[in-house]
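Beneath this line is the structure, given in structure tokens, with notes to follow.
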Number of protein chains: 2
Amino acid sequence: MTKHQPPESVSRPESDRMRHKKQAKRAAILEAALREFTDNGFADARLSAVARNAGVAKGTLYLYFDSKEKLFEGVVRETLLPSGEEGIISDNPHHLSTEAFRRSMLASVADLQNSGRSGIALVVLTEGRQFPQLVEIYVNAVLEPVLAQIDRLAHSDDTARLDVLRRFPQLLIAPVIAGLLWNRFMTGYPPIDLVDIASAQLALVLGDEAASNTAESNEIMD
Amino acid sequence: MTKHQPPESVSRPESDRMRHKKQAKRAAILEAALREFTDNGFADARLSAVARNAGVAKGTLYLYFDSKEKLFEGVVRETLLPSGEEGIISDNPHHLSTEAFRRSMLASVADLQNSGRSGIALVVLTEGRQFPQLVEIYVNAVLEPVLAQIDRLAHSDDTARLDVLRRFPQLLIAPVIAGLLWNRFMTGYPPIDLVDIASAQLALVLGDEAASNTAESNEIMD
DNA sequence: AGAAAAAATGACCTGCCAGTCATTATATCA
DNA sequence: TGATATAATGACTGGCAGGTCATTTTTTCT
């Protein structure tokens, strides 16, 4: 009765300070979860460890994410997707020139390799069985556009060796995937540089006129 | 006192009939386990389901295998390795001619695709994180010999386009691995024929003089 | 046949961990 | 400052599945 405030606002949600704190906490949780999932995979990831490393109690996790699955989904959505493979994907459905394609693909691969995203990509890849809807998200957001761009490239001018891409657009990304797995499992062997192997495959498929280019661009990237 | 039998044979192990029964039971368990692991992966495989499908009690499993891990190892050892990639591996360390290599590799891939082994290979691939020693077994028994053979090929006569194999012998098997993953996760998309994609990659790396050959050999294989 | 050994059984045990919730701490606002 | 709402906590629980073992069934051997 004493309230002269508008009655419809029964629960005043948040002040600015609070919003920031919650955002920060959410970010901390996601960061800790990214680490935990990357290191241990989904099944062996411990929510207690995520909570500890995020500096919160276990129960707090459930104020931000409904379940372990949703937390994983959150990590994928906010870590893997945002930067995406912009280089290759881009918004414009125009097809790139062969050289432009080569450059943007290598840039994407370099980005993937140097960010923590490759770890999560690998988890999606290896434990995707349990999360069909996650795989679908990833496919729609990343794989499809990449393959579409490859397909566009395959239907451009040079029909010489490009027709193999029309049958198997996956050929261009296969070495990257295999390289990710190699680096994960073949500990004790020298790791594969994803940019180098992607570059080698590009040379095989598109021609190797840029073999020296590649070396240059590598130096620049590192 | 009444025993005039040699005292050292306290436990007479087995008769022929018994050996056969035990062998059959062991085989039934392995078969059911292969199915269960293939369908559900390691983490989600249920030993109770294995027992049920093998027609034995759960406790019986432990008379044949010490643990779930050992059972999985048994499946890998006796299902994945035995037939191996004989074609490519072979015992002789002689390098094959380009054409012989192409043929034996395609035969191996066809064999992998048509047997249940690809399912288990995929499980090793995707859940290998938890079983470094299993990965090691697989690497030593299959991957190493294959890569060695590829390396031998790479150091044979034709140095033209083969030097890329010297840097990345993995390039030849990358499409097969990627194809396995694609067929597992990209349900709803047309599956990739592993022989076809391997053939395409072989054509890229070794030259496509056998493009028509490939089509023929495919028909024969199917 | 029947005693003794080996094999098989499945009810039970146990450790683990995602998820809960009564309690406590912190923020909001009059 | 005190009343109320919102956020955070962490001890606890429920269920699940890998693994055990006292009991029963089958085989072996005289």
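The sequence lines fix the lettering, A, B, ..., with proteins before strands; numbering per chain opens at 1. These numbers were taken from a predicted model, which means no experiment stands behind them.
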Exercise for review: Answer yes if the side chains of Glu144(B) and Gln149(B) hold a donor-acceptor pair under 3.5 Å, and no otherwise.
Suggested key: no

Check your understanding: Rounded to the Å, how far apart are Leu63(B) CG and dG19(D) C1'?
Key -> 12 Å

Check your understanding: Atom CD1 of Ile29(A) to atom P of dT9(D): distance rounded to whole Å?
Key -> 9 Å

Practice item. Round to a whole Å and report the spacing from CZ of Arg52(A) to P of dT9(D). Key: 14 Å

Review point. Would you call Glu73(B) and Lys68(B) a salt bridge, using N to O less than 4.0 angstrom?
Key: no

Review point. For Tyr64(A), which contact category applies under a 4.0 Å heavy-atom criterion: base, sugar-phosphate, or nothing?
Key: sugar-phosphate

Point to revise | Test salt bridge (Lys or Arg N to Asp or Glu O under 4.0 Å) applied to Glu36(B) and Arg52(B), step by step | key: CA-CA 11 Å; Glu36(B) 181 73 9; Arg52(B) 190 179 344 109; over 6 Å; no

**Study point:** Stepwise side-chain contact (heavy atoms from CB on, under 4.5 Å) test for Arg117(A) and Thr79(A)
**Key:** CA-CA 7 Å; Arg117(A) 290 182 298 123; Thr79(A) 306; 4.3 Å; yes

Review point. Where the side chain of Thr60(A) is defined as all heavy atoms beyond and including C-beta, which of dT9(C), dA8(C), dA8(D) is the nearest nucleotide?
Key: dA8(D)

Check your understanding: Rounded to the Å, how far apart are Lys21(B) NZ and dA7(C) P?
Key -> 11 Å

Practice item. For the residue pair Phe42(A) and Phe37(A), categorise the inter-ring angle as parallel (less than 30°), tilted (30 to 60°) or perpendicular (more than 60°). Key: parallel

Check your understanding: Taking CG from Leu61(B) and C1' from dA7(C), how many angstroms apart are they, rounded to a whole number?
Key -> 14 Å

Revision key, fill the gap. The nucleotide from dA7(D), dA8(D), dA27(C) with an atom nearest the side chain of Lys22(A) is dA7(D)

Point to revise | Whole-Å distance separating the CZ atom of Arg19(B) from the P atom of dT28(D) | key: 12 Å

Check your understanding: Between Asp44(A) and Arg129(B), is the closest basic N to carboxylate O distance under 4.0 Å?
Key -> no

**Study point:** Side-chain N or O of Lys25(A) closer than 4.0 Å to phosphate OP1/OP2 of dA8(D)
**Key:** yes

With 3.5 Å as the limit, what N/O pairs link the protein to nucleotides 16-22 of chain C?
from, atom 1, to, atom 2, distance (Å)
dC17(C), OP1, Arg46(A), NE, 2.9
dC17(C), OP1, Arg46(A), NH2, 3.2
dA18(C), OP1, Ala45(A), O, 3.2
dA18(C), OP1, Arg46(A), NH1, 2.9
dA18(C), OP1, Lys68(A), NZ, 3.4
dA18(C), OP2, Leu47(A), N, 3.3
dA18(C), N7, Lys58(A), NZ, 3.1
dG19(C), OP2, Tyr62(A), OH, 3.1
dG19(C), OP2, Lys68(A), N, 2.9
dG19(C), N7, Lys58(A), NZ, 3.2
dG19(C), O6, Lys58(A), NZ, 2.5

